[in-house]
A.B. asks: 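Take this structure first; my questions come after.
These values consider heavy atoms only, across backbone and side chains, with no hydrogens, waters or symmetry-generated copies. Within every chain, numbering begins at 1; the chains are lettered A, B, ... in the order of the sequence lines, protein sequences first and strands thereafter.
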Amino acid sequence: MALRLYDTIARDKVELVPRSADRIAMYVCGPTVYDVPHVGHGRTATTFDVIRRYLEWRGFAVTYVSNVTDIEDKIIARAAATGSTEPEVAARFEAAYWEQLDRLGVRRPDHVPHATEYVDSMQRLIATLIERGHAYVVDGQGVYYDVTSFPSYGALPHRSLAQLLESAGARVDVDTAKRSPVDFALWKAAKPGEPAWPSPWGDGRPGWHIECSAMSLDLLGPGFDIHGGGDDLAFPHHENERAQAEGAGHAFARYWLHSAMVQVRGEKMSKSLGNFTTLTGALDAHGPRAFRMAVLQTHYRRAMELGDAELGAAAAAVDRLDALVRRAQATGLEVAPGDPGVVARFRDAMDDDFSTPAAMAVIFDAVSAAHQALDDRDAARASVMVGAVCELTDALGLTLAAAGTGGDAGFDAEIDDLVARREAARTARDFATADALRAELTARGVVVEDTPTGPVWHRA
RNA sequence: GGCGGUGUAGCCGAGUGGCUCAGGCAAGGGUCUGCAAAACCCUGGACGCGGGUUCAAUUCCCGCCACCGCCUCCA
């Protein structure tokens with residue numbers, strides 16, 4: 001069965017037909033690094049990490065590129081406000097971004113292009129656009145893209161030029177340097193004190209959209225497969241990227257994927273609204289795996305809340321998965337390759353536009369089946385079910401924690417000792433001592449489960 | 001104003017013209033357990049409102065209401 005995905009231009013699910021068989025080249029817009037990452041960044045990064053991992057699980061060799069915008073108005077403003085420099089601001093917040101993504105288990109991209117490293121390439125693209133009649137120079141202002149020169153402009157947001165013009169005229173402050181309100185800047189002339197690069201059109205810096213056209217084409221080549229990002233980027237950012245690349249004569253992305261926003265009490269989370277929760281805070285409070293679970297349990301094209309209630313429920317769901325692994329380990333179950341029926345249902349779910357909620361339902365059904373098999377002492381069935389759970393959660397980037405994973409040998413030894421003493425007390429039917437030891441373990445954040453094969457502990 | 005989306009049980013959140021059922025969290029009852037945890041079994045309760053099509057609609061069509069996103073920097 002074919003893998004289908006929802007393409008924003010087609011506005012429908014379409015079959016994924018790669019540029020070259022068995023290989024997928026994908027580009028996902030990353031952040032402008034002028035502030036700490038919030039949970040919305042975490043959702044988008046996780047969504048595309050899952051897609052990348054699934055494509056690989058599905059047998060594709062994936063090249064994954066995600067950029068960092070390290071020069072932009074807000075970075076300049078932040079540097080000015082804090083008495084810092086643009087490179088310092090960018091470096092600091094980029095580090096914070098990767099730190100949180102690492103915690104989340106988002107795999108690093110194969111390439112992380114930075115805008116400032118591709119200025120030459122952007123200038124070449126701009127020059128080509130001028131030659132081909134898609135761009136014009138305004139002395140002392142910069143270079144602009146002439147939207148009317150690109151017939152399919154508006155295909156991504158599904159709006160006609162007339163519609164775009166109407167709303168642009170109605171709501172947007174029109175830059176008088178532009179011929180048309182819908183035109184956009186390719187190159188911005190530098191104002192005094194701003195960082196600038198020399199160019200044929202005067203010292204300045206690139207417009208925001210041109211970097212992604214240049215970097216994606218440079219690293220992935222024309223006609224690469226998937227272009228992704230948050231759905232707030234669909235217009236104008238992605239449409240402008242497309243206009244630039246195709247206007248310059250290059251085939252651009254074959255499929256456009258957009259992930260929905262995180263909301264806070266029904267409103268979009270964004271820095272401009274000031275209602276954001278930092279990613280660090282959310283991960284500290286509920287753990288990175290709870291975050292990933294919450295993201296997986298909602299379809300990527302649906303807006304979602306990611307507050308304490310949602311993350312708390314997701315953490316409990318993760319516990320259910322861990323508990324199965326603990327039980328399997330405590331029973332000494334050998335984990336076999338996943339049950340083919342379960343794996344097939346998982347694949348069907350994911351092949352349908354990466355329906356992770358349905359995929360998670362398949363996994364949780366396997367969890368139930370595994371427990372039932374263990375209850376029935378059906379080791380063969382239990383091992384293929386546990387195998388499926390481990391294999392499929394792993395495919396989604398969710399790591400299950402077995403018992404005793406303290407990660408700190410000294411701590412683990414102390415806990416092992418307490419657990420052993422408690423078990424000795426229980427065997428002697430000295431329950432007062434046993435309960436006291438349990439209380440001590442609880443105080444240290446450890447839960448002990450007594451199983452037919454002896455006690456098993458894990459962190460609460 | 002234009003374009004698009006959403007409204008499902010206590011909460012989150014899938015999905016489908018009728019079939020026993022998404023799934024997770026939570027709640028109640030039971031089994032097991034020295035205690036506890038985990039697990040298993042059982043239980044309740046859903047499809048925004050009003051019409052229409054149909055033997056049958058939560059699912060299709062029309063209207064309405066509410067909320068959200070994009071049209072401006074934004075994951």
A.B. asks: Testing the basics here: between A/P357 and A/T298, what is the closest heavy-atom pair and its distance to 0.1 Å?
C.D. replies: CG-C, 3.5 Å

A.B. asks: For A/V448, which contact category applies under a 4.0 Å heavy-atom criterion: base, sugar-phosphate, or nothing?
C.D. replies: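 It contacts base atoms.
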
A.B. asks: Give me, pair by pair, the N or O atoms of the protein and of nucleotides 26-34 of chain B that are less than 3.5 Å apart, along with how far apart they are.
C.D. replies:
residue, atom, partner, partner atom, Å
B/G34, O6, A/R422, NH2, 3.3
B/G34, O6, A/R426, NE, 3.2
B/G34, N1, A/D435, OD1, 2.9
B/G34, N2, A/D435, OD1, 3.0
B/G34, N2, A/D435, OD2, 2.5

A.B. asks: Please list every stem that involves RNA chain B, where a stem is a run of 3 or more consecutive Watson-Crick or G-U wobble pairs with both pairing distances under 3.5 Å.
C.D. replies: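 Stems (3+ consecutive pairs) listed as B:1-7 with B:65-71, B:10-12 with B:23-25, B:27-31 with B:39-43, B:48-52 with B:60-64.
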
A.B. asks: What class does the angle between the rings of A/H227 and A/F252 fall in, given that below 30° is parallel, 30 to 60° is tilted and above 60° is perpendicular?
C.D. replies: tilted

A.B. asks: Could you tell me whether A/G229 contacts a base, only the sugar-phosphate backbone, or nothing, with contacts defined as non-hydrogen atoms closer than 4.0 Å?
C.D. replies: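 Sugar-phosphate only.
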
A.B. asks: Indicate for each nucleotide in nucleotides 38-44 of chain B, in 5' to 3' sequence, whether protein heavy atoms under 4.0 Å reach the base (B), only the sugar-phosphate (S), or nothing (-).
C.D. replies: SSSS---

A.B. asks: Counting the atoms with a prime plus P, OP1 and OP2 as sugar-phosphate, which does A/H237 contact under 4.0 Å by heavy atoms, base, sugar-phosphate, or nothing?
C.D. replies: nothing

A.B. asks: With a 4.0 Å cut-off on heavy atoms, is A/K271 in touch with a base, just the backbone sugar-phosphate, or nothing at all?
C.D. replies: nothing

A.B. asks: With a 4.0 Å cut-off on heavy atoms, is A/S270 in touch with a base, just the backbone sugar-phosphate, or nothing at all?
C.D. replies: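 If one applies the 4.0 Å heavy-atom cut-off, A/S270 turns out to touch a base.
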
A.B. asks: Is A/I226 close to A/I24 at the side-chain level, that is, under 4.5 Å between some pair of heavy atoms?
C.D. replies: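 Yes, their side chains come closer than 4.5 Å.
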
A.B. asks: Using the C1' atom on both, measure B/U53 against B/C61 and round to a whole Å.
C.D. replies: 7 Å

A.B. asks: Report which part of the nucleic acid A/V262 touches: base, sugar-phosphate, or nothing (heavy-atom distance under 4.0 Å, all strands).
C.D. replies: base

